[in-house]
Amino acid sequence: MTIDVVILAAGKGTRMHSDLPKVLHPIGGIPMLERVIDTAMLLGEVQITVVIGHGADLIRDRFADRGVRFVEQEQQLGTGHAVAQAVPYFREGATVLVLYGDVPLVRAGSLQSLLSAADHGPALLSVEMANPAGYGRIVRDNSGCVQSIVEEKDADADTLAIREVNTGILATPGALLARWLPELSCDNAQGEYYLTDIIGRSVSEGIPVTGVIASDPLEVAGVNSRAQQAQMERALQHNHATSLMNAGVTLLDPMRIDVRGSLECDTDVSIDINCIFEGTVSLGKGVQIGPNCLLKNCRLADGTKVEANSIIEGAEIGEACTIGPFARLRPGTELATGAKVGNFVETKKAKIGEGSKVNHLSYVGDALVGEAVNIGAGTITCNYDGVNKSLTEIGDKAFIGSNTALVAPVTVGAGATVGAGSTITQAVGSKELAVARSKQRNITGWQRPSKKAK
Ligand code: UD1
Ligand code: CA
């Protein structure tokens with residue numbers, strides 16, 4: 001089957017009151033339109049056309065590398081007019097699937113069912129709603145075939161009572177759309193060219209219309225306001241939490257976790273409250289995450305423990321490491337098995353070897369740290385001279401005394417010791433002791449100053 005997807009994203013999103021086009025607002029950390037594009041791409045070899053209007057340049061820029069075509073709808077004259085902009089690009093014999101940039105959680109499975117039902121005529125995705133206000137109602141005949149869709153503003157009292165509504169999502173042979181769309185009229189309450197009017201056309205030509213009912217209202221819900229965006233966000237997070245728990249993860253409170261991207265967990269992972277996961281995060285067996293942590297694009301191997309209030313980004317963490325509380329691991333951090341990074345420690349582009357410890361109040365950046373190294377409290381790698389970044393190398397089993405400044409580029413050999421308070425500017429050889437601080441002087445008989453009389 002040749003599938004041409006048309007995604008409508010030209011509307012202004014007035015009710016968002018935002019400078020950002022509505023479809024670029026995120027749900028679960030991912031712009032709504034990106035979610036729709038990602039889902040469409042799951043359907044196979046699809047051609048995707050996005051109809052844009054308001055904020056067109058921002059949308060183009062954002063998705064420039066996604067291999068989708070953009071067509072501009074200069075005036076928003078209705079959903080039928082919007083789809084008509086894509087007609088010139090329909091491929092021979094294609095089935096056209098119409099999606100919406102502001103209906104972000106639609107599932108590939110439902111779309112597959114819809115496409116299979118649209119071989120010879122239109123198939124539309126509908127949903128039953130307790131409160132159908134605002135939606136087009138699905139009118140079926142006695143035998144259950146879809147007869148028409150009546151927009152709320154055009155509906156009489158009987159029609160308004162129908163609870164099955166149009167999600168707007170539909171599939172149909174492209175050739176039929178190409179024939180019907182130019183013939184639409186805008187003689188209706190909103191003066192718009194309604195895509196939904198093709199249903200009536202189909203019925204009058206004796207081409208049956210199939211209605212596929214979506215099982216979950218969330219997947220066909222649209223976002224028109226910040227409040228709806230927030231509701232959808234909560235619903236999505238609730239689903240994330242449920243599937244994590246079903247997969248064997250302990251969530252101390254499923255209401256207080258946010259996954260803005262994808263989180264993969266092995267068994268017996270435990271996550272305390274208020275944690276945020278961004279981008280792609282994976283947690284190995286038995287990993288424990290304390291409260292208030294932010295993890296972004298990182299992998300933590302089995303048995304690692306992250307204590308409260310830590311931030312980990314762009315890092316690769318080995319097995320049985322201990323991180324935090326209050327640690328900040330920046331991109332390029334790699335911890336080998338059993339390494340420890342403690343409170344108020346910042347790392348960046350730092351490889352820290354097996355069993356090494358940076359326990360307190362340090363900055364380790366642009367550094368290669370060997371195994372079983374001990375880095376004392378308050379140690380700083382001075383990696384930046386105001387122009388260039390330089391590397392600090394520390395060999396296995398070295399001991400760096402507290403409050404040491406390592407002025408890079410510099411190396412400390414294996415087994416070396418650096419005395420506390422040193423400013424190290426030259427290489428320290430293996431097993432040497434380096435002390436680089438002024439010698440202590442004790443002055444006997446020293447008189448403290450006393451307060452002057454006024
Ligand atoms: C549409 C359906 C309605 C359905 C509802 C579900 C029509 C006529 N009605 O109504 O049956 O219940 O969706 O949410 O199709 N858009 C464009 N260009 C336009 C007009 C719209 O790109 O010229 C985009 C909008 O940005 C929006 C989407 O299409 O994302 C829906 O348009 P809107 O006018 O809001 O349709 P509804 O009135 O919600
Ligand atoms: Ca409308």
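Every number for a ligand or one of its atoms is a count from 1 in the order of the listing. As a basis for the values below, the full set of heavy atoms in this structure was taken, side chains included, without hydrogen atoms, waters or symmetry mates.
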K.L.:
Side chains of T304 and E319 only: does a donor on one sit below 3.5 Å from an acceptor on the other?
P.N.:
no

K.L.:
Determine, for D268 against K285, whether the closest basic-nitrogen to carboxylate-oxygen distance falls under 4.0 angstrom.
P.N.:
no

K.L.:
Locate the shortest heavy-atom distance separating V373 from S356; write the atom from each residue and the value.
P.N.:
N-OG, 2.8 Å

K.L.:
Checking side-chain polar atoms at under 3.5 Å, does H81 have a donor or acceptor matched by the opposite partner on Q76?
P.N.:
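Side chains of H81 and Q76: no pair found under 3.5 Å.
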
K.L.:
If you measure only the distance, is there a donor-acceptor pair under 3.5 Å linking the side chains of N383 and T381?
P.N.:
no

K.L.:
Does a donor on one side chain sit under 3.5 Å from an acceptor on the other, for Q288 and S270?
P.N.:
no

K.L.:
Just to be sure I read this right, does ligand 1 sit under 4.0 Å from the backbone of Y135, its side chain, both, or neither, counting only heavy atoms?
P.N.:
both

K.L.:
Only heavy atoms of G136, strictly under 4.0 Å: list the atoms of ligand 1 that pass.
P.N.:
3 (C), 4 (C), 11 (O), 12 (O)

K.L.:
Can you list the ligand 1 atoms lying under 4.0 Å from a non-hydrogen atom of T167?
P.N.:
6 (C)

K.L.:
Can you find an N or O of I149 that's nearer than 3.5 Å to an N or O of ligand 1?
P.N.:
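No.
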
K.L.:
Using a 3.5 Å cut-off on N or O atoms only, is K22 in polar contact with ligand 1?
P.N.:
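Between K22 and ligand 1, no N or O pair is found under 3.5 Å apart.
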
K.L.:
Below 3.5 angstrom, do we get any N/O pair linking L77 and ligand 1?
P.N.:
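Yes.
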
K.L.:
So which of G11, P132, G78 gets nearest to atom 19 (C) of ligand 1, if we judge by its closest heavy atom?
P.N.:
G78

K.L.:
Taking R107 first and then D216, would you say they form a salt bridge - that is, a charged N and a carboxylate O separated by under 4.0 Å?
P.N.:
yes

K.L.:
Please compare T79, I199, L125 and report which has the shortest non-hydrogen distance to atom 7 (C) of ligand 1.
P.N.:
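It is T79 that holds the nearest heavy atom.
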
K.L.:
Report the member of V103, D102, V6, V23 with the shortest heavy-atom distance to atom 27 (C) of ligand 1.
P.N.:
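Residue with the shortest heavy-atom distance to the ligand atom: D102.
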
K.L.:
Can you find an N/O atom of N166 closer than 3.5 Å to an N/O atom of ligand 1?
P.N.:
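Among all N and O atoms of N166, at least one is under 3.5 Å from an N or O of ligand 1.
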
K.L.:
For ligand 1 and Q73, I'd like to know whether there is a polar contact (N/O to N/O, distance under 3.5 Å).
P.N.:
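Checking ligand 1 against Q73, an N or O pair does fall under 3.5 Å apart.
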
K.L.:
Using a 4.0 Å cutoff against the non-hydrogen atoms of Y194, which atoms of ligand 1 qualify?
P.N.:
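Ligand 1 atoms under the 4.0 Å threshold to Y194: 8 (C).
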
K.L.:
Using a strict 4.0 Å threshold on nitrogen-to-oxygen distance, state whether R60 and E72 make a salt bridge.
P.N.:
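Yes.
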
K.L.:
Does the N or O separation between A10 and ligand 1 drop below 3.5 Å for any pair?
P.N.:
yes

K.L.:
In terms of atom number and element, which parts of ligand 1 are under 4.0 angstrom from non-hydrogen atoms of Q76?
P.N.:
18 (N), 19 (C), 23 (O)

K.L.:
With a cut-off of 4.0 Å, which atoms of ligand 1 are near a heavy atom of Y100?
P.N.:
28 (C), 29 (O), 31 (C)

K.L.:
Identify each donor-acceptor pair in which a side-chain atom of residues 90-106 lies under 3.5 Å from a protein atom, sequence neighbours left out, and give them as a table.
P.N.:
{"residue": "R91", "atom": "NE", "partner": "D4", "partner atom": "OD1", "Å": "2.7"}
{"residue": "R91", "atom": "NH2", "partner": "I3", "partner atom": "O", "Å": "2.9"}
{"residue": "R91", "atom": "NH2", "partner": "D4", "partner atom": "OD1", "Å": "2.9"}
{"residue": "Y100", "atom": "OH", "partner": "G168", "partner atom": "O", "Å": "2.6"}
{"residue": "D102", "atom": "OD2", "partner": "K22", "partner atom": "NZ", "Å": "2.8"}

K.L.:
Which ligand 1 atoms, with their elements, are less than 4.0 angstrom from a heavy-atom of L8?
P.N.:
22 (O), 24 (C), 29 (O)

K.L.:
Would you tell me whether N188 and D154 have side-chain atoms, one donor and one acceptor, within less than 3.5 Å of each other?
P.N.:
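On atom types as modelled, these side chains do not qualify, holding no pair under 3.5 Å.
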
K.L.:
Does the distance from a Lys or Arg side-chain N to an Asp or Glu carboxylate O, for D156 and R137, drop under 4.0 Å?
P.N.:
no

K.L.:
Could you tell me whether E151 approaches ligand 1 through its side chain, its backbone, both or neither, with non-hydrogen atoms closer than 4.0 Å?
P.N.:
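The answer is the side chain.
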
